[in-house]
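Notes follow once the structure below has been shown.
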Number of protein chains: 2
Amino acid sequence: MPKDTFFNLEEEKKEKVMRAAINEFLLHGYENGNIGTVAKNAGVAKGSMYQYFESKKELFLFCVKWSTELMIRKYGKHLTRSERHINVFEYMYENSKEMWTQLKEERELVIFLQNVFLGKYSSVKDESMEFMIRMIDQQVLKMIREGKENGYIRKDIDDSILAIFMTGVSMRFKEYLMNKARSAGEDIVDEDFSQFEKEVKGISELLRNGMGEK
Amino acid sequence: MPKDTFFNLEEEKKEKVMRAAINEFLLHGYENGNIGTVAKNAGVAKGSMYQYFESKKELFLFCVKWSTELMIRKYGKHLTRSERHINVFEYMYENSKEMWTQLKEERELVIFLQNVFLGKYSSVKDESMEFMIRMIDQQVLKMIREGKENGYIRKDIDDSILAIFMTGVSMRFKEYLMNKARSAGEDIVDEDFSQFEKEVKGISELLRNGMGEK
DNA sequence: GAGTCATATGACTTGTGAGTCATATTACTT
DNA sequence: AAGTAATATGACTCACAAGTCATATGACTC
């Protein structure tokens, strides 16, 4: 946890520091991320960084916490809505569309959190990250159980296998979207999500009915 | 490329050096991987490492090359066999089973290469890695095209989407197997692959027919 | 056994960047 | 306005590990 000094800062400054840090870690990774650069980009002296945080590691871990909380604060309504009774096959669509919006508005944060999730920065892993990953697993499992109960998911295959199947596809597709956004720079994100409509539909269809010829 | 001095070494010593390096990078990542430790574990002086390699980066990149080539040399027959006319749905089974054997015999190398593939070590990415990744993509696309021609893959969905779907599932499952092996240490790898028979069958079935209730 | 390569060695140099600290600045209180 | 507490600053320390190099060892030739 950061020191009191950090929490006493005005909101705007806190945000500037955090975004500078996240951007630095995003660009150079944890080991090569430079606190001096973070300070400079946040318009703050290097020494101040150590009035705010105990160490580089603490700063990094708080980046994860801060991003996660910001994303939940900003997009949380959707998350809780989808937790209710959404069809697994619509999940992919909803999820991808949501991510596209987030990518437009919070590019760095989304990519940073994806990296965390994918296990880059593995040298700073801590329990909270494991927790975050388990949370998502849990949510998928819940959806699968509900799907079975409501009769739109086949019951002859184990939940855990269905979960691996689903998360595999959904993560890979998410990555695909992200790479499109990442490699094309800022501009492509301005485009409409509708261009992916067909692709998402294809993936959902495959999830539902598989690749086998009828 | 390593220096001549390295290539003049007797095979056994070369291997000892490479395995020590791979193990070090596996344990501590690229940035925190220590050349001194590599040297010590290989039974060689630190200075010698610099008679063999220009820099740490060169050593790392050669680890990737060396592992890949060793794996191809050792298991390549299977790879070329599966390139011929294997059914996509059997691919998963063959592939997982193969990986289980490899995991038994070449634990460190398999996990190291998987990490490379998953984009950890992103600070040392070079063209050869991108190449390796594109190769695998290509292979999957080829299988899909053949599957469509031979009438066992549906034709109403784009190849690229089918590829994302397939690689997503197969990579996620591979990771699942790997984690089982990784977390349980050396011992679990001794067990027979047959324990996963049911799970692999489940995944293949899902690939073919999807999760939707009939 | 003298002379000439090729290789091995580990103490040393050096760049780097995390973390410190004495001092300056600002903010708040009476 | 004086006094005190909180925060800001950037030059400095210092540990670490990549990379160097002078010297030692060995291998091979005549």
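Everything quoted here is computed from the prediction, not taken from an experiment. In the text below, chain A, chain B and the rest are named by the order of the sequence lines, each starting its count at 1.
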| remark: Nucleotide by nucleotide, nucleotides 6-24 of chain D touches protein heavy atoms under 4.0 Å in the pattern (B base, S sugar-phosphate only, - none) -SBBB------SBBB----
| Any salt bridge between B/Lys198 and A/Asp158, counting N to O under 4.0 Å? |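 So B/Lys198 pairs with A/Asp158 through a salt bridge.
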| Got a salt bridge between B/Glu197 and B/Lys97, using NZ or NE/NH1/NH2 to carboxylate O under 4.0 Å? |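 Answer for the salt bridge query: no.
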| request: Please work out whether the ring planes of A/Phe60 and A/Phe112 are parallel, tilted or perpendicular, with thresholds of 30° and 60°. | output: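 Perpendicular, since the angle between the ring planes exceeds 60°.
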| request: Assign the ring pair A/Phe6 / A/Phe53 to parallel, tilted or perpendicular, where the plane angle (0 to 90°) is split at 30° and 60°. | output: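 The rings of A/Phe6 and A/Phe53 sit tilted, inter-plane angle from 30° to 60°.
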| Any strand: nucleotide that pairs with D/dA2 via Watson-Crick or wobble, under 3.5 Å |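 The answer is C/dT29, by the H-bond criterion.
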| If we call it a pair only when both distances are under 3.5 Å in a Watson-Crick or G-U wobble match, what pairs with D/dT29? |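 C/dA2 is the nucleotide pairing with D/dT29.
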| said: Do B/Lys14 and B/Phe7 form a cation-pi contact, if we require the NZ or CZ to be under 6.0 Å from the six-membered ring centre and within 45 degrees of the ring's axis? | reply: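 Because its charged atom misses either the 6.0 Å distance or the 45° angle limit, B/Lys14 does not stack over B/Phe7.
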